[in-house]
Each structure stands twice: as C-alpha cells, then as structure tokens.
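As structure tokens, the structure follows; a few thoughts come after it.
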Amino acid sequence: MVFIVNYKIQISKSIEELSEHFAQLLIEKVNNSKDCFYLALSGGSTPKRIFEYLTAHHYKSVDWQKVNFYWGDERCVPPTDHESNYKMAYNSLLNKLQIPASNIFRIKGENDPQFEADNYSAEIINHLKIENNFPRFDLIMLGLGEDGHTASIFPNQISLLTSDKIYSTAIHPDSGQTRITITGKVINNARNIVFIVTGKSKSKIVDRVFNNKVDAKKYPASFIKPLNGKLFWLLDKEAASQLRGN
C-alpha cells in the first residue's frame with residue numbers, strides 16, 4: 001500500500017457501525033472548531049443512510065449551527081429531481097436540523113452548467129479561507145465508483161485533478177449527463193477528507209487503489225492525497241474484502 005499515504009482506515013461490520021465512526025469523527029472536528037465549519041457533502045445511497053443515522057442518533061451531539069453545508073458535486077437537474085444530491089441531503093438531514101437557510105449553499109443544478117460552476121466557485125472563494133492559493137474545506141465527504149471515480153471526476157476527465165479551477169463541469173462517461181464537480185486541488189487542500197465506501201461491488205477497485213496495482217494511476221481516487229490534512233477511509237467488510245488481511 002504505497003500509493004496512498006498518511007491515511008487512516010476503519011473497517012466496519014455494518015452500515016450502522018460505519019455511520020457511528022463517521023459521526024464520531026464529525027462530532028470531534030465540528031465541536032472542536034472555534035469558527036464556522038465548512039463541510040462538503042457527497043451524494044449516493046450510503047451517505048443517505050449516514051445522514052439518516054446522524055439525525056436519529058446524533059441530533060444533539062453536533063453543534064450544527066457552526067456547520068456550513070456545501071456539495072462536492074451535483075447533477076445538472078433541478079432541486080426537486082430525484083437525482084439531485086441536494087434533495088437527498090435536504091430530505092434525509094438538513095430539514096431535520098433546524099439550521100438557518102444561510103448555512104446551506106447548494107449547487108444550482110438547474111442553471112447553465114458552466115455559469116453555475118463559475119458562480120459556485122466564486123461563492124466558495126468568498127466564504128472559505130484561502131490557503132495554498134485554494135479554498136480550504138474543513139471536511140470533504142467522498143465516495144468511490146466502481147470505475148475509480150470520486151466526486152464527479154471520472155477516469156476519462158482526469159485533468160480535473162490538476163485543474164486550477166475550484167469547481168468545473170464534467171460529463172458522466174456512460175449516461176452523458178452533465179455534472180458540476182469540485183476539482184482535485186481543492187479536495188487535496190482540505191483539512192480532512194473522508195472516503196466512504198460500502199458493498200462487494202467496490203472491493204475490486206478498493207484493492208486496486210490501496211494495493212498499488214499496475215493500473216492504479218488510471219483511477220482518480222488514487223490521486224487523493226491531502227497536502228496538509230488527514231485522509232480517512234471508512235469501509236464496510238464487503239468493500240474491504242479483497243484487502244490483504246481482511
């Protein structure tokens with residue numbers, strides 16, 4: 001495991017155990033923060049279950065008033081669409097927290113994609129601290145696709161990992177759907193990056209990324225290495241099943 005450095009891995013027996021590990025990490029980081037806490041959310045079925053767990057078990061554990069919510073990526077759809085990452089997060093987490101609307105910064109997927117990528121980038125520059133010439137999130141949640149993509153940085157658009165833009169447009173290689181995504185330099189500038197990966201279908205790509213297989217550099221997730229932050233991998237046993245010793 002030489003390609004990913006300075007990381008901590010936690011393997012859980014269930015989604016509930018994984019959710020609790022994420023909750024404890026979030027509680028520590030938010031409640032120990034002296035200022036506003038800038039969090040970038042991920043979409044997907046596993047984050048949805050984590051969000052539901054947080055509201056059920058840690059509604060009062062996190063100082064939610066400190067948290068400013070952003071998104072790592074978004075599909076170019078209206079906020080009412082069932083594919084909207086914002087809609088999922090709102091229904092499973094945000095509308096249960098009694099936080100002010102001013103704490104929520106959604107990507108407006110209904111806008112022209114390039115306009116919104118630029119607009120969202122400007123909004124982030126206006127709110128987040130700039131370090132190493134890029135905005136610095138306190139925590140970014142990431143998923144991992146079976147093709148090795150993360151956020152909406154796909155293997156055929158790997159240049160987004162080295163782009164100087166804050167957010168950019170991306171095209172899903174299979175569906176052709178346009179998305180807006182955070183770029184690699186902003187991800188790697190975060191204080192904390194948390195990969196959340198579950199399911200047997202992800203075990204092959206987890207193995208390739210962690211065990212530095214010959215083709216590891218084809219996968220965007222392999223390039224997530226924080227400059228001056230911490231990298232966490234939260235896996236369930238199925239996702240970790242091909243790792244050595246598991």
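Atoms considered below: every heavy atom in the structure, side chains included; atoms not considered: hydrogens, waters and symmetry mates. These figures come from a predicted structure and were not determined experimentally.
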Tell me whether the count of non-hydrogen atoms from other residues, nucleotides or ligands lying under 6.0 Å of [atom1] in [X] goes above 12.
{"X": "K96", "atom1": "NZ", "value": "yes"}
{"X": "R136", "atom1": "CZ", "value": "yes"}
{"X": "N91", "atom1": "CG", "value": "yes"}
{"X": "K66", "atom1": "NZ", "value": "yes"}

Distance in Å, L234 CG paired with Q10 CD, rounded so as to fall on 0.5 Å steps:
7.0 Å

Exercise: do [X] and [Y] side chains pair donor with acceptor under 3.5 Å:
{"X": "E123", "Y": "N119", "answer": "no"}
{"X": "T198", "Y": "T46", "answer": "yes"}
{"X": "E83", "Y": "Q177", "answer": "yes"}
{"X": "N189", "Y": "N132", "answer": "yes"}
{"X": "Y53", "Y": "E16", "answer": "no"}

Can a salt bridge be assigned to the pair D164 and K185 using a cut-off of 4.0 Å between side-chain N and carboxylate O?
yes

For E131, is there an ion pair with R191 - N to carboxylate O distance below 4.0 angstrom?
yes

Minimum heavy-atom distance between S152 and A170, given as atom pair plus value:
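Shortest heavy-atom contact: O-CB, 3.2 Å.
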
